Peer 1: 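Below are the structure tokens for one structure; questions will follow.
Computed from a predicted model, the values in this text were never measured in an experiment. Count residues from 1 along the sequence.
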Amino acid sequence: MDSRQLAVTEENPIVLKKFEYTIRAKQVLKRTAEDIVELSQICHEYHQEFGYQEYVRWVRNELGLSGTYGKNLLNVYENYGDRTLSVLNFDSTAIRLLSSFLSNRRRRGLSRLGKD
């Protein structure tokens, strides 16, 4: 943060609070993106070793994910698997995957609890 930005935040605590939220959110996004890429690498390795049909079965039965989600994870690996990610240059693919994953997990969890 340069001196001009610092002056603005010292004069306006709301700007500082917003900046703090932005920093925290970017830290989470970075971790999230890295976690999804790591998961995509694991999925890619499984797919390479056991083939596509066994991979889909594994994704569905062992990970509790849809076949489409599993395919998307392979696509993430193809696009990002060997790169270092930056939140600033990371597109929305990982965010959509995470959102889908969390939404599906929540629905399944509520379904198991009888709260559909």
Peer 1: Hey, could you give me the OH/CG distance between Tyr77 and Leu39, rounded to the nearest 0.5 Å?
Peer 2: 13.0 Å
Peer 1: What are the two closest heavy atoms between Asn79 and Asn75, and how far apart are they?
Peer 2: ND2-O, 2.9 Å
Peer 1: Rounded to the nearest 0.5 Å, how far does CG of Asn72 lie from CD of Glu78?
Peer 2: 11.0 Å
Peer 1: Mind checking the CZ-CZ spacing from Phe19 to Arg24? Nearest 0.5 Å is all I need.
Peer 2: 13.0 Å
Peer 1: Would you please say whether a donor-acceptor pair under 3.5 Å links the side chains of Tyr55 and Gln48?
Peer 2: no
Peer 1: So if I apply the side chain to side chain contact (heavy atoms under 4.5 Å, CB included) rule between Leu73 and each of Ile42, Leu65, Val59, which one comes out positive?
Peer 2: Leu65
Peer 1: If you round to the nearest 0.5 Å, how far is CZ of Arg57 from CD of Glu62?
Peer 2: 5.5 Å
Peer 1: Side chains of Tyr46 and Trp58: closer than 4.5 Å at any heavy-atom pair?
Peer 2: yes
Peer 1: Any chance you could measure Ser40, atom OG, to His47, atom NE2, to the nearest 0.5 Å?
Peer 2: 13.0 Å
Peer 1: Kindly indicate whether the side chain of Lys18, heavy atoms from C-beta on, has any atom under 4.5 Å from the side chain of Tyr21.
Peer 2: no
